[in-house]
Amino acid sequence: MNFSKNDVCRQPLVNKDLVDNLLDDGIYNSNDKKVRRSVAKILANLADTNEESNARRHSQLVEKGVIRAAHYFLHGHDYELKSSTAKMLSMITMNERVRDIVTKSGIIAPLCKLVNQQDPEICAWVARALAELADTRGNESVLVEAGCLPCLIFIISPRCRHKEAKLDAVRCFSSLSSHDRTKLKIVASGALGYLITISKSGQGLGKMYALATLTNLEHDPAALRIQMIFRGFLGRSK
């Protein structure tokens with residue numbers, strides 16, 4: 001466990017047989033919850049990197065079968081396992097080469113169900129994973145069909161106070177709104193009110209992503225009617 005917390009040790013650990021052993025059917029789904037939790041934490045630690053040069057580690061983890069274990073953890077009743085899994089997914093999705101695999105694995109729906117008011121860190125991990133997945137063209141419809149919109153709306157609403165979570169959620173909306181087949185669903189979801197508020201009172205990248213989303217929706221009649229409710233609102237930046 002301690003070795004996996006050290007960034008210098010992570011790649012060597014992945015190169016060895018550690019991950020293969022952890023993903024043995026008798027280990028990651030052991031009857032001992034301490035063993036299961038240790039496995040989930042180690043996998044999250046091994047995935048923890050923000051450096052593009054280390055992103056190949058994510059490909060290795062996916063190739064070795066971490067998505068199978070992630071499914072098992074997310075469909076269980078152990079919240080600690082789910083938390084570690086959300087953290088892991090928020091990291092491995094930064095690798096563009098594994099996004100299609102993750103998106104089409106069926107793991108999005110249980111991941112979105114983790115979002116709640118009591119755990120803003122979970123919101124941040126889920127929002128980041130969704131934003132990364134939506135950044136790859138072709139994933140938009142799958143994400144929406146899996147139920148990402150309600151959890152994204154929760155995160156951009158006042159109920160979630162985590163700034164990074166909000167930023168990633170708005171970034172995800174910006175990507176989703178660029179796809180013709182998901183625009184109508186975004187409008188129908190009830191997200192526009194929050195996006196308009198962010199576009200008017202937000203700052204920096206959050207404001208920019210909100211404006212980009214609304215600009216992508218500017219030709220939708222329903223979206224325009226909603227925007228007209230907010231006096232003085234401009235559907236696109238000048």
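Here the CG-CD1 distance, from Leu133 to Ile92, works out to 8.5 Å after rounding to the nearest 0.5 Å. To the nearest 0.5 Å, atoms SG (Cys148) and CG (Leu111) are separated by 10.5 Å. Between the CZ atom of Arg57 and the CE atom of Met91 there is a distance of 10.5 Å, given to the nearest 0.5 Å. Rounded to the nearest 0.5 angstrom, Thr85 OG1 and Tyr79 OH are separated by 11.5 Å.
Between Arg171 and Glu164 no salt bridge is recorded (no basic side-chain N to carboxylate O distance below 4.0 Å). Taking a cutoff of 4.0 Å between a charged side-chain nitrogen and a carboxylate oxygen, Lys33 and Glu80 do not qualify as a salt bridge. Glu132 and Arg99 are joined by a salt bridge, as a carboxylate oxygen and a charged side-chain nitrogen come within less than 4.0 angstrom of each other.
Asn216 and Ser178 form no side-chain donor-acceptor contact under 3.5 Å, judged by distance and modelled atom types alone.
With ring centers used as reference points, Tyr209 lies 6.0 Å or more from Phe173.
Of all non-hydrogen atoms in Ile196 and Ser199, the two that sit nearest each other are O-OG, 2.6 Å. Residue Ile186 comes nearest to Leu192 through the heavy atom pair O-CD1, 4.0 Å, listed as atom of the first residue, atom of the second, then distance. Across Ser189 and Ile153, no two heavy atoms sit closer than the pair O-CD1, 3.3 Å. What you find for Cys160 and Ile155 is that their closest heavy atoms are CB-O, 3.4 Å. Closest heavy-atom contact between Lys82 and Leu74: CE-O, 3.3 Å.
Although no hydrogens or angles enter the test, the distance criterion places no donor-acceptor pair under 3.5 Å between the side chain of Arg128 and the main chain of Ala165. Although no hydrogens or angles enter the test, the distance criterion places a donor-acceptor pair under 3.5 Å between the side chain of Lys166 and the main chain of Ser157. A distance-only check finds no donor-acceptor pair linking the side chain of Asp17 to the backbone of Asp20 [under 3.5 Å]. Under a 3.5 Å cut-off, the side chain of Arg68 and the backbone N or O of Leu23 do form a donor-acceptor pair.
Residues Ser90 and Val126 have side chains not in contact (no heavy-atom distance under 4.5 Å, counting atoms from C-beta outward). In this structure the side chain of Ser177 never reaches within 4.5 angstrom of the side chain of Thr182, judged on heavy atoms. Residues Tyr194 and Pro158 meet the side-chain proximity criterion, which asks for heavy atoms closer than 4.5 Å.
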